[in-house]
Amino acid sequence: MNLSRRRFAQALALSPALSLLLLSPVGALMGALPRAAQAADSDAAGAAVKVPLAIHGAQGPTRLQVEIADEAEERNRGLMGRDYLPPNEGMLFLYAGAVRNGFWMRNTLIPLDIAFLDDDGRILEIQRMEPCPPAASECPTTQPAAAYRAALEVNAGTFEALGIRQGDCVTWEGSTGTCG
């Protein structure tokens, strides 16, 4: 089951009334399906859907829970405005193909580490990112040296503390990496 189908199924499970509306002819005529897909992006309390992720390296598997940012709006927003990210959590940015986009920290309140991943889920490089001061007229961009397929953001210092480094392999639900 791909991520969008899973989110849709979660929305149905979270709201019996919503599932009845969606399955009715009235719901289809009212365009309820797009609203259900949006509702599926968060649970009843408004928290983002999290999926398990594992990083495989010399330290053994390290498990995290991550939010998926696989649409342009989600990737653009990222972790902006958050004053806290729980330990062992993060955000995984997914792209349909290899990209060379940079990341910036405008309106991001907490320092982060970012790992850029190749098609197989291997970590190409890790960089530290500091928040931009609110009054700053310019905000630097963190630019990877090579094209990447995904990027993983976690609290600053997490990768170092867990012994995660370049060459380690990352897998998550729906990934194609084998880490073999």
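What you are looking at is a predicted structure, and each value in this text was computed from that prediction instead of being measured.
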### Task
Give the minimum heavy-atom separation between Ala145 and Arg100, together with the two atoms involved.
O-NH2, 3.0 Å
#### Entry: Validation row: Thr171, Leu53 side chains within 4.5 angstrom (heavy atoms)
no
### Shortest non-hydrogen separation from Ala151 to Tyr148 and the atoms involved
CB-CE1, 4.2 Å
### Query
Any side-chain heavy-atom pair from Arg165 and Ile123 closer than 4.5 angstrom?
no
### Query
Less than 4.5 Å apart, any side-chain heavy atom of Leu79 and any of Leu85?
yes
### Task
Find out if a path of hydrophobic residues (ILVMFWY) with successive side-chain heavy-atom gaps under 4.5 Å connects Tyr95 to Leu92.
no
### Query
Mind checking whether Trp104 and Val154 sit in one hydrophobic cluster, side chains of I, L, V, M, F, W, Y counted as touching below 4.5 Å?
no
### Message
If you count heavy atoms of other groups shown closer than 6.0 angstrom to CG of Asn76, is the number above 12?
### Response
yes
### Task
Check side-chain hydrogen bond (donor to acceptor under 3.5 Å, both in side chains) between Asp113 and all other residues, then give those that pass, not counting sequence neighbours.
Arg128
### Task
Group every Ile, Leu, Val, Met, Phe, Trp and Tyr by side-chain heavy-atom contacts under 4.5 Å, then state whether Leu94 and Val99 land in the same group.
no
## Note on the structure
Closest non-hydrogen contact found for Pro144 with Asn101 is CD-O, 3.6 Å
### Donor-acceptor contact present, side-chain Arg149 to main-chain Asp118, <3.5 Å
no
#### Entry: Heavy-atom check, side chain of Leu124 versus side chain of Leu117, under 4.5 Å
no
### Task
Specify the closest pair of heavy atoms between Asp168 and Ala58, including all atoms of both residues, with the distance to one decimal.
OD1-N, 4.2 Å
### Message
Below 30° counts as parallel, above 60° as perpendicular, anything between as tilted: where do the rings of Phe93 and Phe103 land?
### Response
perpendicular
### Message
How long is the straight-line distance from CE of Met91 back to CD of Glu67, given to the nearest 0.5 Å?
### Response
4.0 Å
### Message
Just so I know, are the side chains of Ile114 and Met129 near enough to count as touching, which here means a heavy-atom distance under 4.5 Å?
### Response
yes
### Message
Which heavy atom of Pro140 sits nearest to which heavy atom of Cys132, and what is that distance?
### Response
CD-SG, 3.8 Å
### Query
Same hydrophobic cluster for Ile164 and Val170, using side-chain heavy-atom links shorter than 4.5 Å among ILVMFWY?
yes
### Message
Counting neighbours of CD on Gln59 that are heavy atoms of other residues, nucleotides or ligands and sit closer than 6.0 Å, is the number greater than 12?
### Response
yes
#### Entry: Single-linkage hydrophobic cluster, 4.5 Å side-chain cutoff, Trp172 and Ile55 together
yes
### Task
Provide the closest heavy-atom pair for Pro111 versus Glu130 in the form atom of the first, atom of the second, distance.
CB-OE1, 3.5 Å
### Query
At what distance, to the nearest 0.5 angstrom, does CG of Asn88 lie from OG1 of Thr62?
8.5 Å
### Query
Are side-chain heavy atoms of Gln127 and Phe116 found at a separation under 4.5 Å?
yes
### Task
Determine whether Leu112 and Met105 make a side-chain contact, defined as any pair of heavy atoms from C-beta on separated by less than 4.5 Å.
yes
### Message
Checking Arg77 against Glu71 for the salt bridge (charged side-chain N to carboxylate O under 4.0 Å, His left out) test, could you report, in this order, the C-alpha distance in whole Å, the side-chain angles of both residues, the deciding distance, and whether it holds?
### Response
CA-CA 10 Å; Arg77 184 178 52 251; Glu71 296 181 15; over 6 Å; no
### Task
Taking the side chain as every heavy atom from C-beta outward, state whether Ile110 and Asn155 have any atom pair closer than 4.5 Å.
yes
